[in-house]
Amino acid sequence: MTDKSSNQKLTIFEKVGYAMGDVASNFYWRVFDVFLFIFYTDVFGLSPAAVGTMMLVTRLIDAFSDPIMGAMADRTQTRFGKFRPYLLWGIIPIAAAGILTFTVPDLDEGGKLIWAYCTYIFMMLAYTFINVPYGALLGVVTADSQQRTTLTSFRFIGAFSGGTLVAYMTPKLVEWLGQGNEALGWQLTMTVYGFVALALFVATFVATKERISPPVGQQTPVIQDIKDLLSNKPWIVLFSLALVIMMTISLRGSVGTFYFKYYVNREELIGTFLTIYMISLAVGAASTPLLTKFLDKKKLLMLLMALVAILSTVFYFVPKDQIWLMYSLQGAIGLCLGPKSPLVFSMYADTADYSQWKTGRRATAMVFSAAAFAQKLGGALAGAMIGWMLGALGYVANQSQNAGSEQGIVLLMTLIPAGFAVLAVFVVRFYTLDEAQMETLHKELKFNETQEVDSVSN
């Protein structure tokens with residue numbers, strides 16, 4: 001059901017407030033995406049193959065927690081709504097998990113590996129606990145498709161702004177807080193990020209309002225939720241698409257630090273390189289509402305991922321001394337990838353409406369948990385690919401790399417992500433929901449809800 005304000009234009013206060021939640025999330029997600037792999041190999045002291053396997057195993061475990069979290073959130077009933085309370089309940093766990101994950105214990109290699117498995121699983125479960133309900137909140141703040149696209153653009157402007165801060169500030173904070181002790185610097189940096197994230201999640205809780213509820217009298221068996229998802233073809237396409245695109249993003253994000261440290265041999269440029277990328281992602285996200293006025297979501301995604309494939313391929317041929325060309329290509333790739341997140345997440349909200357229209361049941365958090373599931377699974381596969389490939393090619397931390405390892409870093413940064421971008425273009429062709437269908441669908445849902453309310457009243 002929707003309340004009378006479900007199609008109203010959202011205030012700038014609510015849009016910015018919602019975006020603050022993804023600023024907070026990116027004090028964790030962007031650190032995982034960009035710095036965690038090189039932290040584990042070059043600071044924590046694990047082999048790349050061990051890190052790759054650990055990331056695959058732990059993220060697979062965590063990925064299956066997303067549907068469970070979605071089912072739990074969909075069944076939560078409080079005076080503050082279904083999803084907003086988790087923004088408060090999850091603050092302490094995620095802050096604690098962040099600190100423990102980036103703590104280097106005084107243990108042997110086996111003990112360190114156990115510590116890494118346990119703390120990283122805790123970290124990802126804590127992230128799931130707060131982020132799945134946060135993502136699902138998008139589906140109940142408004143029922144208007146264009147408003148959702150705008151709200152999602154705000155969200156990812158926040159995400160990429162937070163990511164920019166993380167990209168630029170993290171190396172500096174680690175150095176400043178650690179004072180020569182890199183392990184201590186990481187631990188204290190994550191402590192600072194925890195306090196900042198706490199304030200931002202509270203701001204999101206205060207600023208937002210849930211306006212859409214499940215249909216009157218809806219029964220909520222979890223098995224039926226899963227069956228509804230598996231019969232929701234647009235959702236299946238989006239799940240596959242998000243997985244493939246995440247492979248593209250995670251490979252380039254994680255390998256970028258290796259690329260500048262070991263191939264370009266200019267480690268001091270990592271922060272600048274990442275900052276340019278994050279700013280371009282934010283600009284791309286901000287342009288999404290404008291772009292969707294000229295192209296529908298499906299065609300726009302196909303065009304953008306084709307451009308990412310082309311630009312990533314060109315990146316392969318850039319000489320290691322052409323820094324500004326690397327910056328320019330990275331900025332262009334960011335502009336193309338920036339709209340991806342607002343587009344895909346607004347499309348997830350549309351698939352939740354489609355599921356309700358088709359089945360008469362609504363499971364918003366379960367639908368959005370698929371986004372987190374696909375992200376984590378894509379990141380897990382990317383991490384495993386990086387670890388196994390570098391391990392097989394003879395990568396050794398904090399030393400000059402052999403020709404095979406160096407070439408592997410370049411491929412993981414350029415041609416391999418380009419291949420996944422091409423695959424994304426192919427996958428998105430199968431998405432079927434367009435603007436005209438969504439408009440008709442929303443009219444029918446509103447009519448049905450009116451009939452249900454009248455029936456209950458009588």
Asker: Quick check: are there more than 12 heavy atoms from other residues, nucleotides or ligands sitting under 6.0 Å from NZ of Lys299?
Answerer: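 Open: at most 12 neighbouring heavy atoms sit under 6.0 Å from NZ of Lys299.
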Asker: Between Phe129 and Ser65, is there a side-chain heavy-atom distance shorter than 4.5 Å?
Answerer: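 Counting from C-beta outward, Ser65 and Phe129 never come under 4.5 Å.
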Asker: Within the supplied structure, the quantity of interest is the number of heavy atoms (other residues, nucleotides, ligands) at a distance under 6.0 Å from Tyr327 OH; does it exceed 12?
Answerer: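 It does: Tyr327 OH has more than 12 such atoms within range.
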Asker: Look at atom CD of Gln407 and say whether more than 12 heavy atoms of other residues, nucleotides or ligands are closer to it than 6.0 Å.
Answerer: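 Buried by this count: over 12 neighbours within 6.0 Å.
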Asker: Show me the donor-acceptor pairs within less than 3.5 Å that the side chains of residues 190-203 make with the rest of the protein, sequence neighbours left out.
Answerer:
from: Thr191; atom 1: OG1; to: Gln187; atom 2: O; distance (Å): 3.0
from: Tyr193; atom 1: OH; to: Thr170; atom 2: OG1; distance (Å): 2.7

Asker: Hey, would you say the Phe44 and Trp115 ring centroids sit under 6.0 Å apart?
Answerer: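 No, too far apart.
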Asker: By the ring pair (Phe, Tyr, Trp, His ring centres under 6.0 Å) test, which pairs, at least two apart or in different chains, include something from residues 279-312?
Answerer: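 Qualifying pairs: none.
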Asker: List the steps and the verdict of side-chain contact (heavy atoms from CB on, under 4.5 Å) for Val43 and Phe102.
Answerer: CA-CA 10 Å; Val43 181; Phe102 284 86; over 6 Å; no
Asker: Less than 4.5 Å apart, side chain to side chain, heavy atoms only: is that true for Val428 and Met305?
Answerer: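 Not touching, per the 4.5 Å side-chain cut-off.
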Asker: Assess the residue pair Leu184 and Leu177 against the criterion (side-chain contact (heavy atoms from CB on, under 4.5 Å)); give the C-alpha distance rounded to whole Å, side-chain angles, the decisive distance to 0.1 Å, and a yes or no.
Answerer: CA-CA 7 Å; Leu184 177 63; Leu177 294 173; over 6 Å; no
Asker: Does the side chain of Thr41 come within less than 4.5 Å of Phe258's, by heavy atoms?
Answerer: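 Counting from C-beta outward, Phe258 and Thr41 do come under 4.5 Å.
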Asker: May I ask you to check whether over 12 heavy atoms, not counting those of Gln322, lie within 6.0 Å of atom CD?
Answerer: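 More than 12 heavy atoms, drawn from other residues, nucleotides or ligands, come within 6.0 Å of this atom.
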Asker: Taking Lys298 for its side chain and Arg429 for its backbone only, find out whether a donor-acceptor pair lies under 3.5 Å.
Answerer: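 Pair found, side chain donor or acceptor close to backbone of Arg429.
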Asker: Mind running side-chain contact (heavy atoms from CB on, under 4.5 Å) on Val166 and Val34 for me, showing each step along the way?
Answerer: CA-CA 9 Å; Val166 168; Val34 175; over 6 Å; no
Asker: With rounding to the nearest 0.5 Å, note down the distance linking CG in Leu173 to CG in Leu165.
Answerer: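 Taking CG in Leu173 and CG in Leu165, the distance rounds to 10.0 Å.
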Asker: Once rounded to the nearest 0.5 Å, what's the spacing between atom CD of Glu267 and atom OG1 of Thr257?
Answerer: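 Atom-to-atom, Glu267:CD and Thr257:OG1 are 9.0 Å apart.
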Asker: Quick check against the 3.5 Å criterion: does Asn26 have a side-chain atom that pairs as donor or acceptor with the backbone of Asp22?
Answerer: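 Looks like yes, one N/O pair under 3.5 Å.
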Asker: Ring centroid separation for Phe37 and Phe32, is it under 6.0 angstrom?
Answerer: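 Phe37 vs Phe32: aromatic centres not under 6.0 Å.
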Asker: Which word best sums up how the rings of Tyr259 and Tyr263 line up, parallel for under 30°, tilted for 30 to 60°, or perpendicular for over 60°?
Answerer: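 It falls in the tilted class, 30° to 60°.
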Asker: So does Lys233 have more than 12 non-hydrogen atoms from other groups sitting under 6.0 Å from NZ?
Answerer: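 Not more than 12 within 6.0 Å, no.
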Asker: Any non-hydrogen side-chain atom of Leu301 less than 4.5 Å from a side-chain atom of Met347?
Answerer: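 Leu301 reaches Met347 side chain to side chain.
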Asker: Evaluate the ring planes of Tyr18 and Tyr134, with Trp represented by its six-membered ring, and classify them as parallel (under 30°), tilted (30 to 60°) or perpendicular (over 60°).
Answerer: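 Parallel: the ring planes of Tyr18 and Tyr134 meet at under 30°.
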Asker: Any non-hydrogen side-chain atom of Leu304 less than 4.5 Å from a side-chain atom of Val308?
Answerer: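 No, every pair of side-chain atoms sits at 4.5 Å or beyond.
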Asker: Does the cation-pi check pass for Arg84 over Phe205, that is, NZ or CZ under 6.0 Å from the six-membered ring centre and within 45° of its axis?
Answerer: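 Here Arg84 passes the 6.0 Å and 45° test against Phe205.
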Asker: Let me check something: any side-chain donor-acceptor pairs from residues 385-400 under 3.5 Å, sequence neighbours excluded? List them with distances.
Answerer:
from: Trp388; atom 1: NE1; to: Thr53; atom 2: OG1; distance (Å): 2.9
from: Tyr395; atom 1: OH; to: Asp42; atom 2: OD1; distance (Å): 2.8
from: Tyr395; atom 1: OH; to: Tyr262; atom 2: OH; distance (Å): 3.1
from: Asn398; atom 1: OD1; to: Lys261; atom 2: NZ; distance (Å): 2.9
from: Asn398; atom 1: ND2; to: Asp42; atom 2: O; distance (Å): 3.3

Asker: Going by the angle between their ring planes, with limits at 30° and 60°, are Tyr86 and Trp89 parallel, tilted or perpendicular?
Answerer: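 Geometry flag for Trp89 against Tyr86: perpendicular rings.
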Asker: What pair of heavy atoms forms the shortest contact from Leu238 to Tyr431, and how long is it?
Answerer: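 Of all heavy-atom pairs spanning Leu238 and Tyr431, the closest is CG-CE1, 3.8 Å.
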Asker: Does some side-chain heavy atom of Phe27 sit less than 4.5 Å from a side-chain heavy atom of Arg30?
Answerer: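 Side-chain contact under 4.5 Å: no.
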Asker: Start with the C-alpha distance between Asp350 and Lys297, add both sets of side-chain angles, then the distance that settles side-chain contact (heavy atoms from CB on, under 4.5 Å), and finish with yes or no.
Answerer: CA-CA 11 Å; Asp350 290 344; Lys297 298 172 186 178; 3.0 Å; yes
Asker: Working to the nearest 0.5 angstrom, can you tell me the gap between Leu329 CG and Ile310 CD1?
Answerer: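 It comes to 12.0 Å.
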Asker: Testing the basics here: between Val23 and Gly162, what is the closest heavy-atom pair and its distance to 0.1 Å?
Answerer: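 Nearest heavy atoms, Val23 then Gly162: CG1-CA, 4.0 Å.
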Asker: Are Leu36 and Met55 packed together at the side-chain level, in the sense that at least one heavy-atom pair is separated by less than 4.5 angstrom?
Answerer: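 They are in side-chain contact.
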Asker: Any heavy-atom pair between the side chains of Trp186 and Val104 that's under 4.5 Å?
Answerer: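 When only atoms from C-beta onward are counted, Trp186 and Val104 do not touch, as no gap falls below 4.5 Å.
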